[in-house]
Amino acid sequence: MSLTLYVPRDAGALAVGAEAVAAALLQAASRRGLAITLVRTGSRGLYWLEPMVEVATPGGRIAYGPVDPADAEALLEAALAGGGAHRLRLGAPEQIPFLKRQTRLTFARCGITDPLSLDDYRAHGGYLGLQRALSLGTAATIEEVVESGLRGRGGAGFPTGIKWRTVAAAEGARKYIVCNADEGDSGTFSDRMVMEGDPFVLIEGMTIAAFAVGADKGYVYLRSEYPHAIATLNDAIALARAEGLLGSDVAGGRFAFDIEVRVGAGAYVCGEETALLDSLEGKRGQVRAKPPLPAHKGLFGQPTVINNVISLASVPVILADGAASYRDIGMGRSRGTMPIQLAGNIRHGGLFEAGFGVTLGELVDDIGGGTASGRPVRAVQVGGPLGAYFPRALFDTPFDYEAFAARDGLIGHGGVVVFDDTVDMARQARFAMAFCGIESCGKCTPCRIGSVRGVEVIDRIIRGEDRPAQLALLEDLCNTMKFGSLCALGGFTPYPVMSALRHFPEDFGAAPPARVAAE
Amino acid sequence: MRGFAMWQPDRAAALIAAHAGQDGALLPVLHAIQAEFGCIPDPAVPMVADALNLTRADVHGVISFYHDFREVPAGRHVVKLCRAEACQAMGGDALAAHAEAACGVALGHTTADGRLTLEAIYCLGLCATAPSALVDGEVVGRLTITKLDRVLEALP
Ligand SMILES: Cc1cc2nc3c(=O)[nH]c(=O)nc-3n(C[C@H](O)[C@H](O)[C@H](O)COP(=O)(O)O)c2cc1C
Ligand code: SF4
Ligand code: FES
């Protein structure tokens, strides 16, 4: 009997020793003269269990984790016994509650398939979306995306199909598909997981977009902080090209489309779509004034679709299964699923893809299991460095674009960062201002200068100098930034600052909020 | 950690030529130069400007805008410690203070002997195994002070 084992090659798994585990398993097998097949997959996204090893059995896979290289011998023993007993045995991965409770559409294959096997990709539903798009034609493909209700997963939540419609209708010598893979928000890693664990789904999504709007060139703007994603995506593009899935004759010569990966250079603001376009053009990553919209005049002045990795990677399943099956999931105007990322001080950190509507409390307490430190949860930042800090009192907020906006927050790219009761919220507010200062593109004064003043004011508050006046000044400054900034870097930095102040005033030396008694 | 090449104008010219043909070539050209020489050496700037039909000020403006591009090479080892929120929530501040003490250099600086550069980085996408770092290009997660010491000691 030949034995097949699966070990992730995802950077999150590698960061906690997956490579050493893979090597130890191979050594243990060769000591026994055993031929094993070791498949390197993406991660299932259950990071507290990484490195997680899976064993193929006739009844499906059996998982073990978190595995240490020292466990290799015993693990092989258990594997030979057909997924037998071991201290680290987790059972069937799909039955682990964290995974069982998810609705995996965009992440259907991640952690299961070999990310660089097109055969594996096709065997698990790959390229069915493109096939259906080709049979529908360009206009009907766009309408499917509109109908699905898919909104941009990069942060702003703009309807993806409407953006495509605009580009399809725009006149231009050439059109482009640009994938925003800058994923700079702390607490987010879903783009990285897709590019490392299922890169063909992004390639297929971009190909469908290109077909739909009539683009022949795609760029993936990928941050330099992701060396593994860069390598895997480049390999996947080369494989797709070799099979004619990219190049001058896609889909039996129906259209031409190719993709190039461009590596960023460490600037958070280059995640903003117009700064990204300038960076792709070889300039400083400065934000452009809108209009013109990128859909009309984008990359090199041509009509351009710019979408986040997850937006594009969600398109194949929408086309394959039909718009209705996606639209029927979710709540309100937030349709379909959101790959939520649970991070920071959390017991069960990882990727949780679910229909919109799950509450923040369920995510943090129930699914996430509370803090990793075992101390009480005090604050949760949702939506990256420009997102608000939520106290426990707001844990009933459902994951939904509008519900978060109604509470002066945002879901952004879906990052949820948990802090325990040792956090000092004045320091977090200070960091928000400092980060804005470090990353400001410098184009407008409220952001460039305001962030520096913000740090100074918060420092005076922390030192207890003239607090009432400084608190009023901070509020004023936040309003200036909010209403006077060209983009959301300066415009949204007030969210983490003001939410920290509003919900945790005691950390700023002000009176604690009058809490309404529970119930 | 791989060593970097000494400055060679011919080599630089070849790298520039290899990338100059693409649209928006400046970042790929600069990345290629830095991968070879460890930084963007001063004499490369006018060469790049000429090849891409830009002014030296344009090229310099781009180099200085992006955090990644260096005007002098980093130390032989580069430790990039994540200082963003998810890592802060897992003791990142204490870890950073320890790293500075252990390396004998503040974040953003290189040791006097040129052995090591310690830098802040803002998120490696390893936020569910925080705190995290990139050590000579290798990802490391679930860092503790003990684990960081072990990683630093293992550097040749
Ligand atoms: C400062 C700033 C940083 C941003 N960073 C990212 C990012 O890293 N990835 C991303 O997809 N969108 C980011 N965005 C949002 C983009 O501007 C844009 O809305 C998005 O790429 C559109 O794609 P989508 O509609 O598919 O979300 C950022 C916006 C701002 C203001
Ligand atoms: S708000 Fe800041 S980052 Fe955005 S355009 Fe203005 S200066 Fe640039
Ligand atoms: S915040 Fe440190 S890796 Fe994301």
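Just so we're on the same page: letters track the sequence lines, and every chain starts at 1. These numbers come from the heavy atoms of this one structure, side chains and all, not from hydrogens, waters or symmetry mates.
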* Measure distances from A/Val263 to the heavy atoms of chain B and classify the residue's part below 4.5 Å as side chain, backbone, both or neither. => both

* Asked: With a 4.5 angstrom heavy-atom cut-off, which part of A/Ile438 approaches chain B: side chain, backbone, both or neither?
  -> both

* Structure fact -> Counting heavy-atom pairs under 4.5 Å with chain B, the top scorer among A/Gly442, A/Ala11, A/Gly285 is A/Gly285

* Which atoms of B/Ile121 come close to chain A, meaning under 4.5 Å heavy atom to heavy atom: side chain ones, backbone ones, both, or neither? -> side chain

* In plain terms, say whether A/Glu196 and A/Arg9 are close enough for a salt bridge, that is, a side-chain N and a carboxylate O under 4.0 Å apart. => no

* Give the member of B/Gly61, B/Ser64, B/Ala130 that has the highest number of heavy-atom pairs under 4.5 Å with chain A. => B/Gly61

* Structure fact -> Most contact-rich option vs chain A, by heavy-atom pairs under 4.5 angstrom, among B/Leu26, B/Val139, B/Val59, is B/Val139

* Checking A/Cys441 against chain B: side chain, backbone, both or neither under 4.5 Å from a heavy atom? -> both

* To do: Under 4.5 Å heavy-atom distance to chain B, tell me which part of A/Glu260 shows up: side chain, backbone, both or neither.
  => side chain

* Asked: Salt bridge between B/Arg83 and B/Asp93, side-chain N to carboxylate O under 4.0 Å?
  -> yes

* **Heavy-atom pair count under 4.5 Å with chain B, highest-scoring of A/Ala265, A/Ser190, A/Ser186** => A/Ala265

* To do: For atom CD of B/Glu138, decide whether the heavy atoms of other residues, nucleotides or ligands shown that lie under 6.0 angstrom number more than 12.
  => no

* What residue in B/Lys80, B/His31, B/Glu85 has the most heavy-atom pairs under 4.5 Å with chain A? -> B/Glu85

* **Max heavy-atom pair count under 4.5 Å with chain A, selected residue of B/Ala86, B/Pro131, B/Gly91, B/Cys87** => B/Ala86

* To do: Check each atom of A/Leu14 against the heavy atoms of chain B and say whether the ones under 4.5 Å are side chain, backbone, both or neither.
  => both

* Asked: Checking heavy atoms, do the side chain of A/Gln428, its backbone, both or neither come under 4.5 Å from chain B?
  -> side chain

* Based on non-hydrogen pairs under 4.5 Å, which of A/Gln341, A/Glu183, A/Gln381, A/Lys217 is most in contact with chain B? -> A/Gln381

* **Heavy-atom contact with chain B under 4.5 Å, split by part of A/Ala372** => side chain

* Heavy-atom contact with chain B under 4.5 Å, split by part of A/Glu281 -> backbone

* **CA sep, side-chain torsions, deciding dist, call: A/Glu439, B/His67, side chain to side chain donor-acceptor pair (under 3.5 Å)** => CA-CA 9 Å; A/Glu439 300 297 336; B/His67 300 304; 3.2 Å; yes

* How are the rings of A/Phe98 and A/Phe352 set relative to one another: parallel (under 30°), tilted (30 to 60°) or perpendicular (over 60°)? -> perpendicular

* To do: Please step through side chain to side chain donor-acceptor pair (under 3.5 Å) for the pair A/Asp420 and A/Ser373, ending with a clear verdict.
  => CA-CA 8 Å; A/Asp420 72 12; A/Ser373 62; 2.7 Å; yes

* Side chain from CB out, backbone as N, CA, C, O: work out which of these in A/Asp10 comes under 4.5 Å of a heavy atom of chain B, or both, or neither. => neither

* Asked: Given a strict heavy-atom distance threshold of 4.5 Å, which part of A/Thr422 is in contact with chain B: side chain, backbone, both, or neither?
  -> neither

* To do: Check the angle between the aromatic planes of A/Tyr176 and A/Tyr219 and answer parallel, tilted or perpendicular using the 30° and 60° thresholds.
  => tilted

* Before accepting this row, confirm whether a basic side-chain N of the pair A/Arg44/A/Glu50 lies closer than 4.0 Å to the acidic partner's carboxylate O. => no

* **chain B contact via A/Arg192 - which portion, at a heavy-atom distance below 4.5 Å** => side chain

* To do: Run the ring-centre check on A/Tyr389 versus A/Tyr495 and record whether the distance is less than 6.0 Å.
  => no

* To do: Using non-hydrogen atoms and a 4.5 Å limit, figure out which bit of A/His228 sits close to chain B: side chain, backbone, both or neither.
  => side chain

* Asked: Checking side chain to side chain donor-acceptor pair (under 3.5 Å) for the pair B/Thr146/B/Asp149: CA distance, chi angles, key distance, verdict?
  -> CA-CA 5 Å; B/Thr146 320; B/Asp149 280 342; over 6 Å; no

* Under a 4.5 Å heavy-atom cutoff, which of A/Ala267, A/Ala379, A/Ser279, A/Gly415 has the most pairs with chain B? -> A/Ser279

* **Residue part contacting chain B, namely of A/Val269, when any heavy atom lies under 4.5 Å** => side chain

